[in-house]
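Heavy-atom basis, side chains included; hydrogens, waters and symmetry copies ignored. Since this is a predicted model, take the numbers as computed values, not measurements.
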Amino acid sequence: MTEIRLRFPPSPTGYLHIGGARTALYNWLYARKMGGKLILRIEDTDSERSTEASTDGILDGLKWLGIDYDEGPYFQSHFAANHRAAAQRLLDSGHAYKCFCAKEELEVKRQAALAAKLPFVGYDRACRHLTPEQIAAKEDAGLPHVIRFKTPDRQGMLGYNDMVLGRIEVNYKEIDDFVIVRSDGSPLYLLCNVADDIRDRISHVVRGQDHMTNTLKQVLLYEALAAPLPIFAHIPLTLDNKKAKISKRSHGEVVAVQFYKEMGFLPWAFNNYLVLLGWSPGTDQEFFSRDELISAFSLERINKSSAIFNYTKGDAKFFTDPKAIAINEHYLRTMPIAELAPLVEEELRQAGIWDEAYADEKRSWFLEVITLIRDRFHTLKDFSTAGRAYFAEDYVIEEKPLKKNVAPYPELKNWLPLLADRLAALNPFTAERAEETARAMAEELSQKPGVLMNAMRAILTGQLAGPAMFDILLVIGQETVVRRLRQTERLFPAQ
RNA sequence: GUCCUCAUCGUCUAGUCAGGUCCAGGACACCGGCCUUUCACGCCGGCAACACCGGUUCAAAUCCGGUUGGGGACGCCA
């Protein structure tokens, strides 16, 4: 049995976007499921557009997602000699030929054909039958040339079996004599990709459906290079909600994996969202542990039709696909607190409000707090923003609670310090006694208890909503509660 | 334009290969209710789809043909 070997070959010409991440995920899942290997190959043969920053971004994104690889990263540019040798072999074996046609002229012809809506806009094969003498003459004249693949002159259909789509076929006459080596001598994607997949002994090529026509040409390359054909699986594309291709230029950061890292997504939650965008286990299960997903995954169950990344620009409520957020929330509030804690720690560190005591003598307090507040949060970011008051004093008191629960009751300026005095006197300071105290005082003042409680929430947490008020008092602690209740200037700034 | 390909709720999808158990199931979103002197969480309920037309069949979301619609490719990019 031959080894199962897959690869993820991004070109470092941009960030890692969600479509690429999903492709990487599918490759990774299948490799892990089959006990195979995943190879990471950076396809940087386009030196004009490739950047080191892109490579770093892609590596960082994969690392964040937890998509690890067994070999690589290899850099395609390091194997240029190998690619050139492959081109030479094709030339020597008569599977390719030198073409001296000027790029500019061909481009003009191609555009004209496209504009005239002609059936076939490929190369007219003018150089295909040049004699050795003619070729020598042109070379002696210093004419530059590319190398084109000589599509076999055959009747019938060229095809391959796709694990997702089934049998894919096309008539041989539809295949252009495509260029495999540029006029500067550097080999192109179609060839490099195949040469590398052969060298890396790739058994399964799992890539987007935008590669379907490339695959037809590459099938010919495998044949000409006398190499066994890998198994192909073309996964559906991810489009935006207008069914257009997603791109950073038109959609912005939301299509970049980096964005989700920065927004405080849980890496596994994001993988879970991505895998469902084009695949389903065939059951109603939607949440998977890593091992469950690896075991459930299969190429056969990948969908044929393209999926939509349901993002609406400028949506007031959802900053990305609502399903992605929902999945993240699910993990945020159900994952073991011991697994969540280090992620919250990282978030607090980055926000500059981490206290080493949270890892030590205040450990149980810390775990209690995140357990209490995580139900209302969407991402890890919320722990340092909406949840800031639990960890720091520099929290912001938001407009909404001020307007709704404070402004209508100017007397709070006096009531809250009074409440502070009474709470300060409690010993022991328990939720029950604090509640009795607040209710009794509200009754004395002929106010609804809610007036005091909502105002307390506003000044203690800065938020309009949150956990039960008396749970908040306990975790914030008597001393801090009393001190904050006296800071009424935070509610009523000097006019 | 040509070639390739796809088509189930607003979105992700189950069901299609082996036609009947599907007047189509789940999730997200949305709406309503319960819980809650906050807001969520949670729970309960609701809205909502087989693109269209033919054919085959006792029976079609499912098989066949066509139409329409979507997407991809048509680079000396990857």
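B:rG45 is paired with B:rC31 under the criterion used here, namely a Watson-Crick or G-U wobble arrangement in which both key atom distances are under 3.5 Å. Judged by Watson-Crick or G-U wobble contacts below 3.5 Å, the nucleotide B:rC74 has B:rG1 as its partner. The partner of B:rU36 is absent, by the rule that a Watson-Crick or G-U pair needs both atom distances under 3.5 Å. Judged by Watson-Crick or G-U wobble contacts below 3.5 Å, the nucleotide B:rG19 has no partner. Under the Watson-Crick or G-U wobble criterion, with both distances below 3.5 Å, B:rC63 is paired with B:rG55.
Within the nucleic acid shown, A:Q209 comes within 4.0 Å of sugar-phosphate atoms alone, with no base atom in reach, counting heavy atoms only. Backbone-only engagement by A:K304 is indicated by non-hydrogen atom pairs under 4.0 Å involving sugar-phosphate atoms exclusively. Among the heavy atoms of the strands, none lies under 4.0 Å from A:F309. Within 4.0 Å of A:T13, counting heavy atoms only, lies no atom of the nucleic acid at all. Residue contacts shown for A:T45 are limited to sugar-phosphate atoms, with no base heavy atom under 4.0 Å away. Within 4.0 Å (heavy atoms only), A:A468 reaches at least one base atom of the nucleic acid. Using a 4.0 Å heavy-atom criterion, one finds that A:V170 contacts the sugar-phosphate atoms exclusively. At the heavy-atom level, A:V179 lies under 4.0 Å from the strands shown only through sugar-phosphate atoms. Residue-level contact check: A:R110 touches the backbone only, with heavy atoms under 4.0 Å from sugar-phosphate atoms and none from bases. If you check every strand for non-hydrogen atoms under 4.0 Å, A:P322 touches sugar and phosphate atoms only. Within 4.0 Å (heavy atoms only), A:P10 reaches no atom of the nucleic acid at all. A:H211 comes within 4.0 angstrom of a base, heavy atoms only. A:N214 comes within 4.0 angstrom of a base, heavy atoms only. Here A:I168 lies in heavy-atom contact (under 4.0 Å) with sugar-phosphate atoms only.
One P atom belongs to B:rC43, the other to B:rA7, and the distance between them is 33 Å to the nearest Å. Atom P of B:rU37 sits at a distance of 28 Å from the matching atom of B:rG46, rounded to the whole Å. On the C1' atoms, B:rC77 is 49 Å away from B:rC41, given to the nearest whole Å. Nucleotides B:rC64 and B:rG75 place their C1' atoms 39 Å apart, quoted to the nearest Å. Taking atom C1' on both nucleotides, B:rA24 is separated from B:rA48 by 12 Å, rounded to a whole Å. Nucleotides B:rU16 and B:rA51 have their P atoms positioned 16 Å apart, rounded to a whole Å. For the P atom pair drawn from B:rC4 and B:rG15, the interatomic distance equals 28 Å after rounding to whole Å. Here, B:rU62 and B:rG54 have their P atoms 14 Å apart, quoted to the whole Å.
Mapping heavy-atom proximity under 4.0 Å, the span of RNA chain B touched by chain A runs 5' to 3' from B:rG1 to B:rA78.
With A:R125 contributing its side chain and A:K150 its backbone, the two residues share no donor-acceptor pair below 3.5 Å. Distance alone, capped at 3.5 Å, places no donor-acceptor pair between the A:D382 side chain and the A:A386 backbone.
For the atom pair CG (A:L340) and OG1 (A:T334), the distance works out to 10.0 Å, reported to the nearest 0.5 Å.
Look at A:E435 and A:R433 and you find no salt bridge, because none of the NZ, NE, NH1 or NH2 atoms lies under 4.0 Å from a carboxylate O. Look at A:E169 and A:R167 and you find a salt bridge, because one of the NZ, NE, NH1 or NH2 atoms lies within 4.0 Å of a carboxylate O, short of that distance.
Side-chain atoms of A:D240 and A:H251 form a donor-acceptor pair, as typed in the model, at a separation below 3.5 Å. There is no side-chain donor-acceptor pair under 3.5 Å between A:H145 and A:S183.
Nucleotides of RNA chain B nearest to A:S183 and A:L165 differ in position, and the one nearer the 5' end is that of A:L165. In terms of position on RNA chain B, the residue among A:T213 and A:R182 whose nearest nucleotide sits closer to the 5' end is A:T213.
Nearest approach of A:A96 to A:L91, heavy atoms of both residues: O-CD1, 3.4 Å.
Residues passing the side-chain hydrogen bond (donor to acceptor under 3.5 Å, both in side chains) test with A:E436, sequence neighbours excluded: none.
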